[in-house]
Q: 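Encoded as structure tokens, here's the structure I'll be asking about.
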Amino acid sequence: MMMTYRKGLLAATLLGGLTAVPAWAAKDVVVAVGSNFTTLDPYDANDTLSQAVAKSFYQGLFGFDKDMKRVNVLADSVDASADGLTYTIKLKSGVKFQDGTDFNAEAVKVNLDRASNPDNHLKRYNLFKYIARTDAVDANTVKITLKQPFSAFINVLAHPAAAMISPAALKKYGKEIGFHPVGTGPYQFDTWNQTDFMKVKKWSGYWNKDEAKLDSITWRPVVDNNTRAAMLQTGEAQFAFPIPYEQAPLLAKSNKVDLVSSPSIMQRYISLNVTQKPFDNPKVREALNYAINRTALVKVAFAGYATPATGIVPPAIEFAQTYPALEYNPAKARELLKEAGYANGFTTTLWSSHNHSTAQKVLQFTQQQLAQVGIKATVTAMDAGQRAAQVEGKGQKESGVRMFYTGWSASTGEADWALTPLFATQSWPPTIFNTAFYSNPQVDNDLVNALKTTDTNEKARLYKDAQDKIWQDKPWIPLVVEKLVSAKSKNLSGFYVQPDTGFDFTHADLK
């Protein structure tokens, strides 16, 4: 579905730079991002970027600030029962959706009923599957009852997927809500050209008058890293992420631009489809881990703005385990391949979940590294549409995934969402994102039991055991944890990249 857009306004904003924008539009901001958006329905998006831009018009009961600290948004307070099964949430009063519908407990119920119903086949269902029922106690009080204790539940409600959508809009648009977003946020949807841009404009009815200082935000997917950086210098964009690492020193010297390097919980890795030959052989998977020089990869593809992976969960995530550095030893890799019956190597495919310049560098580097141990890999860098169709939408039997370069940031800020979507048997595509099609019953049990316990020491033990087993089984080639490099015009303030690669622009302003 393609949305109509106003070409004249876009051209004036993007091509003319700030000097060409009329006085009434002095606070129009263009944000250059690395790939397209898949949907504007946060409950049905698997990628952080789609959910990040949806925060323009949507809000949840809770959220995270720029440092991933949980904050109240549409909720005023929350009380949990002693058994961990019931959460009573008091809501802000006087809030309306952008179509005039009241935000109240009934609206929360409509959204959580939709999210927790497996028949709706929403991509983020697994975040909400433990909800047994949601009840509107009164206009400003909602009670959520869980099927079992779920210690990460409030963090789940702070996840960008847990947005409050207008019940009237859900009723009107149904499955097409991803093209007609209506929320309580500071900006309202204006236009979306799926190949070029998505624009939001300031909403005059927003409940918090101290926020929403911009007149509009235009989100522009720009695949080429160098083009994104150049747009800042010419004034065609006021914010860009990610910035090409090799251009960071140049931008740091600019008198027009501020360069910002910030911590990340973004883990980059290559998953190996363990249900397909030759990746079903543990020795092959071990060989591949010896075949990649991560220290060189940090320099070649990330210009030093990353650290070699020390585990399968980024160190900043609670309960993350750190392991000895993964050795680069191509001779050992060839020896293991010979023991596995692949003395002459093999041919395979290596896909990437993104097609921006950094991803292409990772693909090229990895392809060269694999060739040194006799593995011929055909590489493909995918755009969002290809990824959705060929990776996220395919089950194990029809999946063409073999080696898959991608990344994951746990946008709930805790260990469950860093592990379960990527390693639980129930998370095989098309359900979530276990693209290795990895399955270990003990890991599954550890992850389930960690959510049931209220004992912190027991939770730590279970998450350690799960990570130890995954590290030993090697369904991945863990690569690096990124540092996040963004850049902004010096006259733009209050616009940040969060550690999960989402955005915080609640207090953004253009001077």
Side-chain angles (χ1 to χ4, degrees), residues 29-37 42 45 47-56 58 63-71 158-161 185-187 198 200 211 214 217-223 225 227-229 231-232 237-249 251-252 254 257-268 301-307 314-317 353-354 356-359 406-413 418 480-510:
V29 166
V30 175
V31 181
V33 294
S35 63
N36 284 316
F37 328 119
D47 59 304
T48 304
L49 180 59
S50 293
Q51 293 171 331
V53 300
K55 285 163 63 178
S56 309
Y58 284 132
F64 294 105
D65 65 13
K66 65 184 180 68
D67 300 313
M68 290 298 287
K69 179 182 177 183
R70 197 177 72 220
V71 294
H159 188 285
Y187 302 94
M198 193 274 288
V200 298
E211 299 173 0
L214 303 176
I217 304 174
T218 299
W219 302 90
R220 279 210 67 186
V222 180
V223 171
N225 275 339
T227 302
R228 276 198 306 283
M231 289 172 69
L232 283 166
Q238 287 71 50
F239 192 93
F241 174 77
I243 287 297
Y245 302 113
E246 64 275 10
Q247 288 209 12
L251 288 175
S254 171
V257 172
D258 288 328
L259 185 78
V260 181
S261 175
S262 55
S264 148
I265 55 171
M266 170 56 78
Q267 176 101 10
R268 294 290 178 187
F302 299 92
Y305 287 95
T307 55
I317 296 289
S353 61
H354 292 85
H356 52 63
S357 307
T358 301
T406 187
W408 186 265
S409 60
S411 295
T412 60
V480 304
V481 176
E482 285 188 10
K483 294 178 182 177
L484 306 178
V485 183
S486 60
K488 66 178 186 65
S489 299
K490 286 186 178 293
N491 58 349
L492 177 65
S493 62
F495 208 116
Y496 308 97
V497 180
Q498 296 173 289
D500 69 342
T501 73
F503 300 103
D504 182 335
F505 46 90
T506 308
H507 299 284
D509 198 3
L510 195 64

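Any value given below was found using the heavy atoms of this structure, including those in side chains, with hydrogens, waters and symmetry copies removed. Positions are given from 1, in the same order as the sequence printed here.
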Q: Could you give the distance from OG (Ser486) to CG (Leu259), rounded to the nearest 0.5 Å?
A: 7.0 Å
Q: If you measure from CG on Leu510 to CG on Asn491, what distance do you get to the nearest 0.5 Å?
A: 4.5 Å
Q: Heavy-atom distance under 4.5 Å between the side chains of Pro160 and Ser411, does that happen here?
A: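 Touching, per the 4.5 Å side-chain cut-off.
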Q: Measuring from atom CG of Leu49 to atom CZ of Phe241, what distance do you get when rounded to the nearest 0.5 angstrom?
A: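 CZ of Phe241 is found 9.0 Å from CG of Leu49.
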Q: Quick check against the 3.5 Å criterion: does Gln498 have a side-chain atom that pairs as donor or acceptor with the backbone of Phe64?
A: yes
Q: Do side-chain atoms of His354 reach the backbone of His356 as a donor and acceptor pair under 3.5 angstrom?
A: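 Not a single qualifying donor-acceptor pair exists.
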Q: Please report the C-alpha distance between Tyr187 and Leu214 in whole Å, then the side-chain angles of each, then the deciding distance to 0.1 Å, and finally whether the side-chain contact (heavy atoms from CB on, under 4.5 Å) criterion is met.
A: CA-CA 9 Å; Tyr187 302 94; Leu214 303 176; 3.3 Å; yes
Q: Sequence neighbours excluded, which residues qualify as side-chain hydrogen bond (donor to acceptor under 3.5 Å, both in side chains) partners of Ser50?
A: Thr38, Asp47
Q: Which heavy atom of Leu251 sits nearest a heavy atom of Ala229, and at what distance?
A: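 For Leu251 versus Ala229, the nearest heavy atoms are CD1-CB, 4.1 Å.
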Q: Quick one: side-chain hydrogen bond (donor to acceptor under 3.5 Å, both in side chains) partners of Ser262, sequence neighbours excluded?
A: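 So Ser262 forms no side-chain hydrogen bond (donor to acceptor under 3.5 Å, both in side chains) with any residue.
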Q: Which residues satisfy the side-chain hydrogen bond (donor to acceptor under 3.5 Å, both in side chains) test with Ser254, sequence neighbours excluded?
A: Gln233
Q: Could you grab the distance from atom CD of Gln238 to atom NZ of Lys490, nearest 0.5 Å is fine?
A: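 Result: 14.5 Å between the selected atoms.
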Q: Identify the heavy atoms of Val485 and Ala248 that sit nearest to each other, and give their distance.
A: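 Closest approach of Val485 to Ala248: CG1-CB, 4.4 Å.
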Q: Can you name the nearest heavy-atom pair linking Ala158 to Arg70, along with the distance?
A: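 Result for this residue pair: CB-CG, 3.9 Å.
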Q: ring-ring contact (aromatic ring centres under 6.0 Å, His included), that's the test. Do Phe505 and Trp219 meet it? Break it down for me.
A: CA-CA 13 Å; Phe505 46 90; Trp219 302 90; 5.5 Å; yes
Q: Output the distance between atom CD1 (Ile317) and atom OG1 (Thr412), rounded to the nearest 0.5 Å.
A: 7.0 Å
Q: Could you give the distance from OG1 (Thr501) to CE (Met266), rounded to the nearest 0.5 Å?
A: 4.0 Å
Q: Give a yes or no on whether the backbone of Trp408 and the side-chain of Gln267 come within a donor-acceptor separation of less than 3.5 Å.
A: no
Q: Would Val497 and Phe239 count as a side-chain contact (heavy atoms from CB on, under 4.5 Å) if you check the C-alpha gap in whole Å, the side-chain angles of each, and the deciding distance to 0.1 Å?
A: CA-CA 10 Å; Val497 180; Phe239 192 93; 3.8 Å; yes
Q: Which pair of heavy atoms, one from Ala316 and one from Ile265, lies closest together, and at what distance?
A: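 Minimum heavy-atom contact is CB-CG2, 3.9 Å.
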Q: Determine whether a donor-acceptor pair (N or O, by modelled atom type, separation under 3.5 Å) exists between the side chain of Glu482 and the backbone of Arg268.
A: no
Q: Okay, side chain of Ser409, backbone of Asp500: is any donor-acceptor separation there less than 3.5 Å?
A: yes
Q: For Phe503 and Val33, what are the C-alpha separation, side-chain angles and deciding distance, and is it a side-chain contact (heavy atoms from CB on, under 4.5 Å)?
A: CA-CA 11 Å; Phe503 300 103; Val33 294; 4.0 Å; yes
Q: Please state whether the rings of Phe302 and Tyr245 are parallel, tilted or perpendicular, taking 30° and 60° as the class boundaries.
A: tilted
Q: Which atoms form the tightest heavy-atom contact between Leu484 and Pro263, and what is the distance?
A: CD1-O, 3.6 Å
Q: Does the side-chain contact (heavy atoms from CB on, under 4.5 Å) test come out yes or no for Val31 and Ile217, once each step is laid out?
A: CA-CA 7 Å; Val31 181; Ile217 304 174; 3.8 Å; yes
Q: Decide yes or no for Asp509 and His507: does some side-chain heavy atom of the first lie under 4.5 Å from some side-chain heavy atom of the second?
A: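 Sidechains of His507 and Asp509: no contact.
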Q: Can you name the closest pair of heavy atoms from Pro315 and Val481 and give their distance?
A: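 Of all heavy-atom pairs spanning Pro315 and Val481, the closest is CD-CG2, 4.2 Å.
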